[in-house]
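Computed from heavy atoms alone, side chains included, the values below leave out hydrogens, waters and symmetry copies.
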Amino acid sequence: MKNNITYKINAILVLLLVVTACEKLDLAPENQFTSLNYWTSIGKAQTVLNTAYSQMQYSNYFFYNEALSDNAYNGRGDMAGAASLAAGTYDASLSRLQNEWNQRYAGIKTCNLFLENIDRIEDADADVVERMIGEARFIRAFHHFQLMTWFGDVPLVAKDLTIEDAQTLSRTPRTEVLQFVLSELDEVIKILPSNSEYSEEERGKITKGAAIALKARVLLYENDWERVVAACESLMDGSNGSYGLFSSYEGLFLPQNEYSNEDILSLQYLPEFRTWGEYFDFAPLTAGSRLNAMAATQELVDSYLTLDGKKISDASSGYNEDDPYTNRDPRLTNTIVYHGYEWEDVGGGSHTVLIEPGSGTADEYVPGSSATPTGYYWRKYFDPTHQTGLSSGLNLMLIRYADVLLMYAEAKTELGQMDQATWDNTIKAIRSRAGFTNPTALNFDNSLGKDELRQIIRNERRVELAFEGLRIFDIRRWKTAEDVLNGWAHGAKFGPLSQDDGYIRANLRFFDPNKHYLWPIPRDERLINPNLSQNPGW
């Protein structure tokens, strides 16, 4: 049973914001909530904390962030600004920038309201209060981390602000925001329970392990390799929770396996009460979608190795361009729908997804149609128990144990410490779970140099975490975005043979390394508050 943070989301934050001015009165109105009369029970405090949970991340960002990278193309509209951001055609007026800024600071405000009022509750269980404070501080740190990752210097807001205060803030140096995030995470690691200490009814709450994993991710983005290793090892040794790789890669993303030992931190959903519906625009049309808004690129498809662990560009891999999906990494079939894919229908049975031009089905690639703009659809995170319009109550994992292993492998490689034991505990374990059996794909090659190992691990991150919204952050921190986001993003070999060997030219991208590694501060924010400086190049 999912915990109650998934459906106790209501308008309490709005109520608290509306009546902030009542704090100056000696008496609170009896017919509405104010900060003077609201904080009377842990239950009411939990409602505010539930609001903070719901603001931590949004499903459209979770999915459409994939199209900011070279993994996907948003070919219908500009969902979450994905088309504009990927093509490099945006400026400071793009609504995604404003929304990201507003939503993150709204989430921070909720946390600050909670933290500054929780002590008003009389006779509350001190251990429960301390744990809830840890959860709120984690969420506040998460928002600041996201903001500094996108914008660089951002206002550090560690207390609730008045409107007047908010309109005079200046940007805090990124280094100070980073230090705040890491300090907060270190503190909440001391406070929060491990996943094994929560009851079944409390599953989905933020844990000590989640705080350690987020700390590892923050440090990863800073190339702080030794501290990444230390954080990951404190999860891998079992001292801060019980985690591991779930037995099936495909099964990991199915509703019956929620809260597996691989799930470290998830966005919480519940059928009918809180759902997401993006798959209505991702699945094949013959599976019930209305159109295809975002599809995988050929560049992502090409990154999946053959079953012997070789790149498809390797002449000895056995790759056949005329039969491109045979003898490939099983995660390709678990993630991406291609021509000839056997789609498992809800309620049993299956049908073949025919995408090749001339197939005569709704899924057929036709330029400008409602079908896929790249010749591919998505399968990963499809919920076979979906409701009307393919809406789902399936949780979306923000951090999972495979990511911890990949962070560890990357850090050990960068430190020159990749060895047989590390490989076996990370890359071999992940590939074995994926379905590889060939020794050449699984065994460690100690003849490989650091750069060769680096490329292997980076590609492993790409295919293991595809469609989970993390690729954009990786190519930004690796400073490879200018290499992979300039030029054409391609689709399947359904285009004219006269250009790019017949691979669809889906979208022309542009990335300027002198400006695009940071988003511009939203235009409207700077109009309201001239103290907010702008990033270089904008």
Side-chain angles (χ1 to χ4, degrees), residues 63-91 94 96-97 150 292-305 311-314 319 321 324 332 335-336 338 355 357 365-368 371-378 451 454-456 458-463 465-467 469-520 536-538:
F63 288 115
Y64 281 98
N65 277 355
E66 197 73 357
L68 305 186
S69 77
D70 53 340
N71 277 359
Y73 167 48
N74 174 202
R76 307 280 183 267
D78 196 9
M79 300 299 296
S84 297
L85 289 162
T89 57
Y90 63 101
D91 60 24
L94 183 68
R96 166 65 189 272
L97 310 182
W150 289 128
N292 186 258
M294 181 178 71
T297 61
Q298 187 64 42
E299 284 74 17
L300 172 60
V301 172
D302 287 348
S303 69
Y304 289 85
L305 304 176
K311 297 179 179 179
I312 64 170
S313 57
D314 188 326
Y319 172 72
E321 192 175 23
L332 173 59
T335 305
I336 297 170
Y338 42 78
I355 307 175
Y365 169 74
V366 179
T372 167
T374 69
Y376 298 105
Y377 297 94
W378 294 109
D451 187 62
R454 177 187 291 131
Q455 298 310 314
I456 288 171
R458 288 182 177 186
N459 193 72
E460 197 68 26
R461 280 191 66 85
R462 183 179 193 178
V463 297
L465 302 172
F467 202 46
L470 295 177
R471 173 71 174 173
I472 181 59
F473 300 107
D474 285 340
I475 62 177
R476 285 161 64 95
R477 67 185 176 86
W478 292 330
K479 294 296 185 285
T480 59
E482 65 260 40
D483 300 323
V484 300
L485 289 180
N486 272 312
W488 286 98
H490 293 91
K493 198 170 184 178
F494 299 152
L497 293 176
S498 59
Q499 63 184 25
D500 297 350
D501 295 325
Y503 289 97
I504 298 166
R505 283 186 169 183
N507 183 231
L508 185 61
R509 270 88 186 276
F510 173 70
F511 188 95
D512 181 353
N514 295 315
K515 61 187 289 190
H516 286 150
Y517 276 113
L518 290 177
W519 285 356
W538 297 101

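- Ring-plane geometry between W150 and W519 is classed as parallel, the angle between the planes falling under 30 degrees on a 0 to 90 degree scale with a further cut at 60.
- Side-chain atoms of V484 and E299, non-hydrogen and from C-beta on, never get closer than 4.5 Å to each other.
- Taking 4.5 Å as the limit, every side-chain heavy atom of R471 sits out of range of all side-chain heavy atoms of L465.
- No donor-acceptor distance shorter than 3.5 angstrom exists from the side chain of N71 to the backbone of L300, with no hydrogens or angles considered.
- Among residues two or more places apart in sequence or in another chain, the side chain to side chain contact (heavy atoms under 4.5 Å, CB included) test is passed with P496 by S498, Q499.
- Proximity of a side-chain donor or acceptor of T297 to a complementary backbone N or O of A489 within less than 3.5 Å is not detected.
- Among all heavy-atom pairs drawn from S303 and V463, the shortest one is OG-CG1, 3.5 Å.
- By the side chain to side chain contact (heavy atoms under 4.5 Å, CB included) test, P520 pairs with Y90, A92, L97, Q534, W538, sequence neighbours left out.
- Taking CG of D302 as the start and CG of L332 as the end, the distance is 10.0 Å to the nearest 0.5 Å.
- With sequence neighbours excluded, the residues forming a side chain to side chain contact (heavy atoms under 4.5 Å, CB included) with L305 are K311, R431, N459, listed by chain and number.
- Closest non-hydrogen pair, P373 versus G75, comes out as CG-CA, 4.2 Å.
- In this view, T89 and S84, A87 satisfy the side chain to side chain contact (heavy atoms under 4.5 Å, CB included) rule, not counting sequence neighbours.
- Listed by chain and residue number, nothing satisfies the ring-ring contact (aromatic ring centres under 6.0 Å, His included) test with Y365 (two or more places apart in sequence, or in another chain).
- Side chain of T372 to main chain of N292: no donor-acceptor pair is present (N/O by atom type, distance under 3.5 Å, no hydrogens or angles).
- Residues passing the salt bridge (Lys or Arg N to Asp or Glu O under 4.0 Å) test with E66, sequence neighbours excluded: none.
- Scored by the ring-ring contact (aromatic ring centres under 6.0 Å, His included) test, Y377 finds no partners at all (sequence neighbours excluded).
- Taking 4.5 Å as the limit, some side-chain heavy atom of Y376 sits within range of a side-chain heavy atom of V301.
- Contact detail for A296 and I336: the closest heavy-atom pair is CB-CD1, 3.8 Å.
- Residues L85 and I472 are not in side-chain contact: their nearest non-hydrogen atoms beyond the backbone lie 4.5 Å or more apart.
- Considering every non-hydrogen atom in both L497 and D501, the closest pair reads CD2-O, 4.1 Å.
- With sequence neighbours excluded, no residue satisfies salt bridge (Lys or Arg N to Asp or Glu O under 4.0 Å) with R509.
- The backbone N or O of A293 lies less than 3.5 Å from a partner atom in the side chain of N74, making a donor-acceptor pair.
- Legend: salt bridge (charged side-chain N to carboxylate O under 4.0 Å, His left out) pairs involving residues 486-500, not counting sequence neighbours, sorted by first then second residue: E321-K493, D500-R505.
- One distance of note links CD of E482 with CG of L485; it measures 9.0 Å at 0.5 Å rounding.
- Screening residues 486-510 for ring pair (Phe, Tyr, Trp, His ring centres under 6.0 Å) gives F510-H516 as the qualifying pairs, with residues at least two apart or on separate chains.
- The shortest non-hydrogen separation linking P536 to K515 is O-CB, 3.8 Å.
- With rounding to the nearest 0.5 Å, the separation of OG1 in T374 from OH in Y73 is 9.5 Å.
- Heavy-atom minimum distance, A67 versus M294: CB-SD, 3.5 Å.
- At a threshold of 4.5 Å between non-hydrogen side-chain atoms, the residues K479 and Y517 count as touching.
- R461 pairs by the salt bridge (Lys or Arg N to Asp or Glu O under 4.0 Å) definition with D403, D474, not counting sequence neighbours.
- Under the salt bridge (Lys or Arg N to Asp or Glu O under 4.0 Å) criterion, D451 pairs with R454, not counting sequence neighbours.
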